[in-house]
Every structure is written in C-alpha cells, then in structure tokens.
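For reference, the structure discussed in these notes is given below.
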Amino acid sequence: MRDGSMGGGQDAASNHGDLGWNDGLYRDDARAYAPETGYGGGRIPGPRSPHGGGDGPDPIPGGPGAGGADDSTPDRAPGHGGGHRRGGRRRPRSRKRKVLRWVAIVAAVGVLGTAGAAYGYYEYLAGKIRKGERVSGKTTVAKPKANANGTSAMNIMILGSDSRISADDQKLGGAADSAGARADVIMIAHLSADRSNMSVVSIPRDTRVDIPECEDPKTHHVYPKVNTIINASLGRGGPGCTLATVQNLTNVYIDHWLMIDFSGVVKMADVLGGVQVCVEHSVWDRPTKYIKHGGSGLKLPRGKSVIKGKQALQWLRTRDAFGDDSGRAKAQHMYMSSLIRTLRSQNLFTNPSRLNKIATTAMGAFEVSSEIGTPKKLYDLGMELKSVSPSRMTMLTMPHDADPQDKNAHYIPAADADTVWSLLRNDVAMDANGKAKPTGTASASPKPSAPSGPPAAAPATIPVTVVNGTAGTSDKAAVGHRAAAIATALKTAGFTKAEPDQTAAPSPGTTVVYPAASGEQGKSDATSVAKALKIPVSNVKPSATAKAVTLTVGADWREGTDYSTTLPKQGGVPKSADSLNGADTTGCMPIQPIYRWAG
C-alpha cells in the first residue's frame with residue numbers, strides 16, 4: 001500500500017519481546033524473538049488499575065488516567081476499542097515491562113544521535129539490521145516536495161512495542177493473555193529543514209482515532225478500518241499501519257519509522273554508565289496505606305543522582321511519587337534529555353571496544369523501515385540528528401482531553417493539538433533559542449547560498465489559479481467562496497490574472513505550486529505570489545502536473561487574506577503540551593509528601 005493510494009510498501013517487519021533481569025533473557029540474536037505469524041498474533045491486553053499496574057503500560061501523562069485497548073472484552077460495545085479501565089480491582093501483575101518501552105525510546109533517540117561515530121560498526125552489523133514495510137495502511141497524506149531552497153524537514157515515527165512472544169517474556173508482565181503487538185509508545189521526531197532544531201512529540205497510546213484499512217505485510221491479512229485507540233494499530237498491520245494512522249491523524253508526512261524491541265536496551269543503558277536525574281526531596285516510591293498496590297521501589301536521596309540499570313527502570317516507571325501521569329512524563333523527559341546529553345559528551349572514537357558494544361546492543365534492539373535499512377543510510381541519519389544541540393531539542397506530549405465515549409479510560413486530541421501539528425507541518429521551531437525566520441521566507445538550507453534565478457515577472461502578467469482546499473480531507477466541509485476571496489486579494493495586490501477554480505481539492509495545508517517545466521522563472525513567479533499573501537516560501541513547490549501557478553488554500557487557512565496570521569510563532573508550544581527543553585539541567589522532580597523519607 002502506498003501513500004496517497006490504497007496500500008503497502010516494501011519489506012516485511014518483525015516484532016520482538018521484552019527482557020527481564022535474568023541474564024538468561026539477554027539473547028545475542030534479536031531474531032530469536034521474531035514471531036512466526038503477523039503483527040496480530042495476540043489480543044490487546046485487558047484491564048489495568050488506575051495507577052498503572054497490571055500488564056499494560058501506565059496511562060499517558062497529562063490525561064485523566066489510564067487507558068488501553070481490548071477489542072475482545074465482553075462488556076465493551078463494538079467500535080469502542082475496549083480498554084484498560086481506571087476503576088476496578090487491581091490485578092496482581094509485575095510492573096517491570098511497562099517501563100521498558102521508555103528505556104528503549106530514549107536509547108533509540110540517543111544512539112541515532114551518535115551513530116555517526118559508529119559507521120564502521122554499522123558496516124559490520126549490516127546483516128543484523130531488521131527492516132519492515134514503511135506503510136501498510138490507507139493514507140492520503142503525500143510526501144511534500146522540497147522547498148524553494150531544495151531542503152525538507154524530516155519526520156521519523158518512533159515506536160515502542162510490547163509483544164509477549166516467549167513464556168519468559170510473558171512472566172515479566174503477568175498473564176499470557178497479554179500476548180500480541182501493541183504500539184505502547186508512539187513518538188514523532190521532527191528534524192527541521194535546516195537541521196538546526198528537533199522536536200519529539202508523544203502521542204498518548206490510549207488516544208481514540210480512526211485506524212484505516214491495513215494489510216499485515218507478513219500474513220497479507222486485510223484489517224478493515226476501525227475507530228479505536230491508536231495502540232491497537234500495530235497489531236493490525238505492523239508499524240506501517242501505525243504510520244498510516246499517525247499520518248491521517250496529524251496530516252504530517254512521516255518519512256521513516258523506527259521500532260524498538262526491548263531485548264538489548266537495558267544492557268545498553270548500563271554500558272553508557274547511567275544518566276543524571278534530580279529530585280527536590282528524598283524519594284521512596286513504595287506501597288502505602290492509601291495506595292497499597294503502588295511502588296516502583298525507587299529510593300534516592302535529595303538532589304542529583306546518577307542512575308542506571310534497575311534503578312533507571314524504577315525512575316521511568318515511578319508514577320505515584322511524582323504525583324500523577326503528568327509528573328511521570330516530566331520525569332521520563334528529564335531522563336531522555338539527560339541520556340542524550342550523556343551520549344553527546346562521550347568521545348566514543350577513543351574507545352572502539354565500548355563503541356562496538358553500544359552499536360551491537362543497539363542494533364539488536366530495533367528495526368527500521370526498509371528505505372533506511374542500510375548502514376550508510378543509518379549513518380547519514382545519525383549524523384543529521386547528531387548536529388542538533390540539546391538546547392534546540394524540545395520534548396512534548398500531544399494535548400489531549402478525556403474521550404466522551406469513555407472518559408475513564410481513553411483520550412481524544414485536544415484543540416491545542418492542532419497547533420502542535422501546525423508547528424510540525426510548517427517546520428516552525430518549538431524552542432525559542434534560535435533566530436526566528438522572517439515571515440514569507442524559506443527555511444534556511446544547511447549551507448545557505450545567495451539568491452539565484454531570474455526576477456519574477458510583473459504581477460499583472462502572471463496567471464494564478466486559486467483552489468479551495470479548506471475541507472482538509474474529503475469528509476469535512478469546505479469554507480464557501482474561499483477561492484474567490486483569495487483571488488480577489490491577489491487582484492488587489494496586482495495579480496489581475498488570478499482566478500478561482502470551480503473545483504475544490506481538499507488539502508490540509510496551503511501550498512503554491514508552479515509547473516516544473518517552467519524552471520527557475522516559474523519558481524520566481526510563484527514565490528512572488530506567495531510573498532504577496534505572506535505565505536512562507538517553503539510552501540512553494542514545483543509540480544509535474546500544474547499548468548500555471550496554482551495556490552491551494554488549505555484547511556489551515558479558513559479565513560482572512562494574510563496567511564502569516566495563521567502560523568504558530570517560534571516557541572509557541574501550547575502549555576498543555578508540557579514541553580521540556582533538552583538542555584535543561586536545573587530542574588528537579590517534586591515528590592509527594594507521603595513518598596519522602598529522611599534520607
């Protein structure tokens with residue numbers, strides 16, 4: 001299936017299980033974990049408690065509580081996706097596996113950021129790279145063309161799955177009914193077109209969405225579209241189905257995916273020597289008379305500590321001592337930022353043996369979409385990510401509200417989520433530490449060059465077709481007479497040959513395209529049209545099918561004639577996203593009084 005059409009991609013993908021503290025579970029060959037069937041080899045796990053115990057990960061921070069999916073639960077209505085309920089009696093299951101996904105995620109981002117140093121080892125490890133189909137679900141979000149400077153932003157979907165393949169793996173999370181693939185962590189890592197900044201947006205696993213029709217790349221089983229929580233998408237066609245779902249939700253094109261299994265990640269955290277965290281008070285996260293089930297076992301003195309191994313896992317899974325899911329998210333972001341800074345500070349070139357150990361462990365811990373499944377492409381990707389300073393990294397969670405269909409378990413995107421997606425689509429930095437780009441200019445290229453090409457023709461001589469795309473997608477209503485209104489604005493600006501097209505063409509974003517055959521002159525003419533309405537030059541693209549300069553007014557511009565008023569400002573991340581800057585070393589986690597101790 002392909003983007004913008006009805007289906008698929010390239011290679012089949014595999015999925016892998018967790019590991020525990022038993023050294024016997026650390027297997028040298030990650031393929032030993034691969035299932036013999038497709039991604040839907042087991043049902044979505046059942047209920048869990050309000051405090052994240054049981055066999056599923058805890059609820060995503062910032063929302064009203066825990067959630068999950070269980071299409072087979074008898075007391076759930078069809079189409080509601082089942083779910084992990086907050087209420088009810090807690091099932092006595094281990095809490096180890098729920099946090100491994102976060103260790104995997106932070107390790108993946110960090111290792112990619114230092115992959116440049118490991119190119120020789122990637123060559124050696126080429127045979128261990130596991131690849132899968134980039135997209136295996138229906139999606140109409142097309143890959144955007146490079147901007148006028150020839151550069152493009154990059155979006156990478158990072159998944160943490162929690163499969164239960166072997167009996168040993170199942171013991172880590174409880175009952176065998178937890179078998180099956182689930183996207184327990186879903187992140188979009190956005191690398192700006194000029195490679196100056198990066199943002200990482202987490203999508204809560206319990207967000208209710210429309211999952212499109214998907215085809216499992218291993219079994220070729222076709223799953224019909226369904227409205228349920230997003231973590232079920234992995235079991236309905238692999239990472240390629242989750243990618244299609246994320247694209248449809250955000251209208252952001254995802255270039256690649258990277259999926260983590262947990263078979264080597266804990267070892268890698270130990271190899272790195274641990275990371276620094278901080279707490280405002282001494283903490284001991286343990287069962288109390290109020291929350292008898294609770295307690296990750298985390299015990300740290302007040303101030304800064306370097307944690308690794310089991311203690312790092314305890315930090316990442318601690319919820320109650322940090323107050324709630326929002327507090328736990330903040331702690332996880334702190335750990336992630338610290339890990340990346342630790343990786344960047346280490347000169348891996350001076351210790352080839354250690355570098356080889358890190359690279360080997362990392363390769364056994366994840367698989368990638370097939371188009372980046374070579375040592376050279378992973379090396380190039382790592383070098384691009386490595387260039388971003390921690391001060392230009394922002395980590396946040398998609399703003400979300402309680403799901404009206406199931407307020408006690410699931411979420412839906414909040415209104416502020418649209419601002420986050422707009423920041424990504426328009427390649428606007430989420431931190432405020434860089435120089436803001438003037439409205440109407442292109443994103444800078446990695447190697448800025450002087451403007452080139454012929455001057456634009458006189459506005460009155462440039463034919464412009466204006467298309468109403470405000471429907472965004474075909475199932476939403478367009479704003480009436482929008483093309484005519486913008487054509488009138490262009491005529492007022494001197495583009496007297498601007499005319500509205502009578503046929504609407506739904507588009508999530510506003511674009512200005514020109515005939516590719518018109519070359520540099522067409523580019524200059526289209527750029528002058530964009531500037532007249534304060535549309536960023538990064539939205540100007542060549543088109544093989546356009547017969548004239550064509551302005552499509554997207555769903556992101558439903559009113560007004562000044563496009564710049566619709567753009568989010570640099571650093572304009574909604575407060576509800578609970579963002580964290582990657583260079584922040586001053587923050588310490590507050591601890592709930594009942595979990596403090598005299599240490």
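Basis for what follows: all heavy atoms, side chains included, without hydrogens, waters or symmetry-related copies.
- For the residue pair S579 and T394, no side-chain donor N or O sits within less than 3.5 Å of a side-chain acceptor on the partner.
- Using modelled atom types, one finds no donor on one side chain facing an acceptor on the other under 3.5 Å when comparing T397 with D578.
- Annotation: salt bridge (Lys or Arg N to Asp or Glu O under 4.0 Å) contacts of D418 (sequence neighbours excluded): none.
- Checked against side-chain hydrogen bond (donor to acceptor under 3.5 Å, both in side chains), S305 has no partners two or more places apart in sequence or in another chain.
- The shortest distance between side-chain heavy atoms of V246 and I188 falls below 4.5 Å.
- In this structure, the side-chain hydrogen bond (donor to acceptor under 3.5 Å, both in side chains) partners of S422, at least two apart in sequence or on a different chain, are N426.
- Take A577 and apply the side-chain contact (heavy atoms from CB on, under 4.5 Å) test, not counting sequence neighbours, and it matches L396, P399, V573.
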Exercise. Given side-chain contact (heavy atoms from CB on, under 4.5 Å), test H190 with D427 step by step and report yes or no.
Key: CA-CA 8 Å; H190 173 86; D427 194 24; 2.9 Å; yes
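- Applying the side-chain contact (heavy atoms from CB on, under 4.5 Å) test to Q592 and every residue at least two apart in sequence or in another chain returns Y595.
- Not counting sequence neighbours, N581 has no partner by the side-chain hydrogen bond (donor to acceptor under 3.5 Å, both in side chains) test.
- A donor-acceptor contact closer than 3.5 angstrom links the side chains of S576 and D416.
- With sequence neighbours left out, the side-chain contact (heavy atoms from CB on, under 4.5 Å) criterion links H281 to I591, R596.
- A donor-acceptor contact shorter than 3.5 Å is absent between the side chain of Q314 and the backbone of K299.
- By the side-chain hydrogen bond (donor to acceptor under 3.5 Å, both in side chains) test, T585 is found to be paired with no residue, residues two or more places apart in sequence or in another chain being considered.
- Listed by chain and number, the residues in a side-chain contact (heavy atoms from CB on, under 4.5 Å) with P390 are R341, R344, A583 (sequence neighbours excluded).
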